[in-house]
Trainee: 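My questions all concern the structure below.
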Amino acid sequence: MFETLAKAEGDKILALMGMYRADPRANKLDLGVGVYKNQKGETPIMSALAKAEQWQVANQASKSYVGLAGDVGFNDAITTLALGEGYDKSRVRTQQAPGGSGALRIVAEMLAGAKPGATIWVSDPTWANHIPTFTSAGLVIKHYPYFDAATGQVRFDDMCEALSAMPQGDIVLLHGCCHNPTGANLTGEQWQKVGDLLLERDLLPFIDIAYQGFGDGLEEDAAGLRHLASRVPELVVALSCSKNFAVYCDRVGAAILMGRNAEEADKAISQLALVARKSYSMPPNHGAAVIRHLLETPALKTEWQDELEAMRMRMLTLRQGLASALRQHSNSDRFDFVAQHRGMFSRLGLSPAQVDSLREEHAIYMVGDSRINVAGLPDDGLDELAAAIVATL
Ligand code: LMR
């Protein structure tokens, strides 16, 4: 049977991880996969999380099945974190999912079941894995303009023009915060305008929120999502805990559905549960149970918030440091956008050949579209890095 298969090309971000690991050079620098790193280049377990985990191990009485929706306490806590205290509980339903990617997949499949052949509009560019995930779930992909590579800014007028022309009932994927791969985000005013257009065109917003707390703060990063939730009749969300709780390999995420009313929300979540049952059945419990305990324990929640805030501030400082080193070396403001962007990523605007040359000659690893992971920047090596980048120009 297998002889009929062609070798799959594989995901570029994950392939880069493999190349980096195999590189024997001691001075290698990983600015590839979106994983937070501290000053030592490590991705530690957050201290509040480790404490919650100890509690979970000491108190878990059974490993029997939990259910298709996962841990309902986790679902409540994480939905409140995303939507805020005041959301309309009567028409919002949440299902735990295996990471944000798992949530993207099951929600997409549920939508494809609701409207076979439905179109989802994604930003140009978007996270590379959005496209295969949605396509294999049965959605048709179209792109709306989003990023101006020359200026590093959002092409907001072009985005609005595209939204105004979208057929009624289409789905629009929006990054809740910390746009991946560009780092260029919508302002509060722009979220309002997007809300107007979604309503006007009767479009369904699908929010991917994977970096809450990495951009402008926990509350600030959810403001766009909350604004839409307060206005539109229906909304779907794929949420990831991988980054802001640093539980990457535990696979913790959630799918949140907001229906027009309780009855429609119940129908939608029942379909979502069916999709999960048909693919992986039940989500992994451990990470979600740990996060539930953390969020339900005020002292641990505060400790986690402080740690998250320190991570956010570190990324901001690194952004400013790199922008200023690049300004000096290039003798121009070409890279000033690095300091304005938010979250883990920025796209430097280098060509694939320049990205290859940085990897081959300087052991600097970044994704082929010149996306860098800001958290991977070396605190004491920004000058050297900027010199290498400018040398390739
Ligand atoms: C990334 O964009 O690097 C992360 O979201 C990790 C991944 O799975 O691609």
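FYI, side chains are in, hydrogens and waters are out, and symmetry mates aren't considered; it's all heavy atoms of this structure.
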Trainee: With no hydrogens and no angle check, just 3.5 Å: does a side-chain donor-acceptor pair link Thr126 and His143?
Mentor: no

Trainee: Can you tell me how the ring of Phe245 sits relative to the ring of Trp304, calling it parallel under 30°, perpendicular over 60° and tilted otherwise?
Mentor: parallel

Trainee: Within a radius of less than 6.0 Å around CD1 of Ile45, do more than 12 heavy atoms belonging to other residues, nucleotides or ligands occur?
Mentor: no

Trainee: Take Arg359 and Ile364 through the test side chain to side chain contact (heavy atoms under 4.5 Å, CB included) and record every step on the way to the result.
Mentor: CA-CA 5 Å; Arg359 190 180 62 253; Ile364 297 167; over 6 Å; no

Trainee: Could you please spell out the steps behind the side chain to side chain donor-acceptor pair (under 3.5 Å) verdict for Asn38 and Arg314?
Mentor: CA-CA 8 Å; Asn38 65 15; Arg314 170 174 153 73; over 6 Å; no

Trainee: Looking at Glu263, I want to see if its CD is surrounded by more than 12 non-hydrogen atoms of other residues, nucleotides or ligands under 6.0 Å.
Mentor: no

Trainee: Take atom CZ of Arg25 as the centre, draw a 6.0 Å sphere, and report whether it contains more than 12 heavy atoms from other residues, nucleotides or ligands.
Mentor: yes

Trainee: Testing the 3.5 Å rule here: is there a donor-acceptor pair between the side chains of Arg342 and Tyr211?
Mentor: no

Trainee: Is the closest basic N to carboxylate O distance between Glu303 and Lys51 below 4.0 Å?
Mentor: yes

Trainee: Under 30°, 30 to 60°, or over 60°: which ring-plane class applies to Tyr146 and Tyr144, parallel, tilted or perpendicular?
Mentor: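 The rings of Tyr146 and Tyr144 stand perpendicular, inter-plane angle above 60°.
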
Trainee: If we ignore angles and hydrogens, is there a donor and acceptor under 3.5 Å between the side chains of Ser346 and Arg319?
Mentor: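 Yes, because at least one side-chain N or O of Ser346 sits under 3.5 Å from a partner of the opposite role on Arg319.
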
Trainee: Tell me yes or no: between the side chains of Ser332 and Ser330, is some donor less than 3.5 Å from an acceptor?
Mentor: yes

Trainee: Is there a donor-acceptor contact under 3.5 Å linking the side chains of Arg93 and Asn75?
Mentor: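 The criterion, which ignores hydrogens and geometry beyond distance, is not satisfied for Asn75 and Arg93.
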
Trainee: Counting N and O atoms only, with roles assigned by atom type, does the side chain of Arg201 sit under 3.5 Å from a partner on the main chain of Ser164, one being a donor and the other an acceptor?
Mentor: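 Answer holds: yes.
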
Trainee: What closest approach, in Å, do Thr392 and Gln354 show between heavy atoms, and which atom pair accounts for it?
Mentor: O-NE2, 3.1 Å

Trainee: Does the plane of the ring in His130 sit parallel, tilted or perpendicular to the ring in Trp127? Use 30° and 60° as the thresholds.
Mentor: perpendicular

Trainee: Evaluate the side-chain proximity of Val355 to Leu358: yes if any heavy-atom separation is below 4.5 Å, no if none is.
Mentor: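 When only atoms from C-beta onward are counted, Val355 and Leu358 do not touch, as no gap falls below 4.5 Å.
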
Trainee: Verify, without hydrogens or angle tests, whether His362 (side chain) and Ser357 (backbone) share a donor-acceptor contact under 3.5 angstrom.
Mentor: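 Side chain of His362 to backbone of Ser357: no pair is present.
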
Trainee: State, without any angle test, whether His286 and Glu53 hold a side-chain donor-acceptor pair at a distance under 3.5 Å.
Mentor: yes

Trainee: Tell me if the CD atom of Glu42 is crowded by more than 12 foreign heavy atoms within 6.0 Å.
Mentor: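 It does: Glu42 CD has more than 12 such atoms within range.
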
Trainee: For the backbone of Arg277 and the side chain of Ser281, can you confirm whether one donor and one acceptor N or O come within less than 3.5 Å of each other?
Mentor: no

Trainee: Is the shortest side-chain N to carboxylate O distance from Lys12 to Asp369 below 4.0 Å?
Mentor: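 Result for this pair is no, no salt bridge flagged.
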
Trainee: If you draw a 6.0 Å radius around CD in Glu384, do more than 12 non-hydrogen atoms from other residues or ligands fall strictly inside?
Mentor: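 Counting neighbours around CD of Glu384, 12 or fewer heavy atoms of other residues, nucleotides or ligands fall under 6.0 Å, so no.
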
Trainee: Between Ala325 and Leu382, which heavy-atom pair has the shortest distance, and what is it?
Mentor: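 Heavy-atom minimum between the residues: CB-O, 3.9 Å.
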
Trainee: Looking only at non-hydrogen atoms, find the nearest pair between Met315 and Val374 and report the distance.
Mentor: O-CG1, 3.5 Å

Trainee: Any Lys/Arg nitrogen of Asp23 or Lys28 sitting under 4.0 Å from an Asp/Glu carboxylate oxygen of the other?
Mentor: no

Trainee: If we ignore angles and hydrogens, is there a donor and acceptor under 3.5 Å between the side chains of Ser123 and His179?
Mentor: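 Distance-only check passes for Ser123 and His179.
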
Trainee: Indicate whether the side chain of Arg105 and that of Ser136 have a donor and an acceptor atom separated by less than 3.5 Å.
Mentor: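 Yes, a side-chain donor-acceptor pair sits under 3.5 Å.
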
Trainee: Write down the atom of Pro205, the atom of Leu228, and the distance for their closest heavy-atom approach.
Mentor: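 Closest pair (atom of Pro205, atom of Leu228, distance): CB-CD1, 4.1 Å.
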
Trainee: Report yes or no: does Ser370 contribute a side-chain atom to a donor-acceptor pair with the main-chain N or O of Gly349 at less than 3.5 Å?
Mentor: yes

Trainee: Does His293 form a side chain to side chain donor-acceptor pair (under 3.5 Å) with Asn59? I'd like the steps, not just the answer.
Mentor: CA-CA 11 Å; His293 179 66; Asn59 289 277; over 6 Å; no

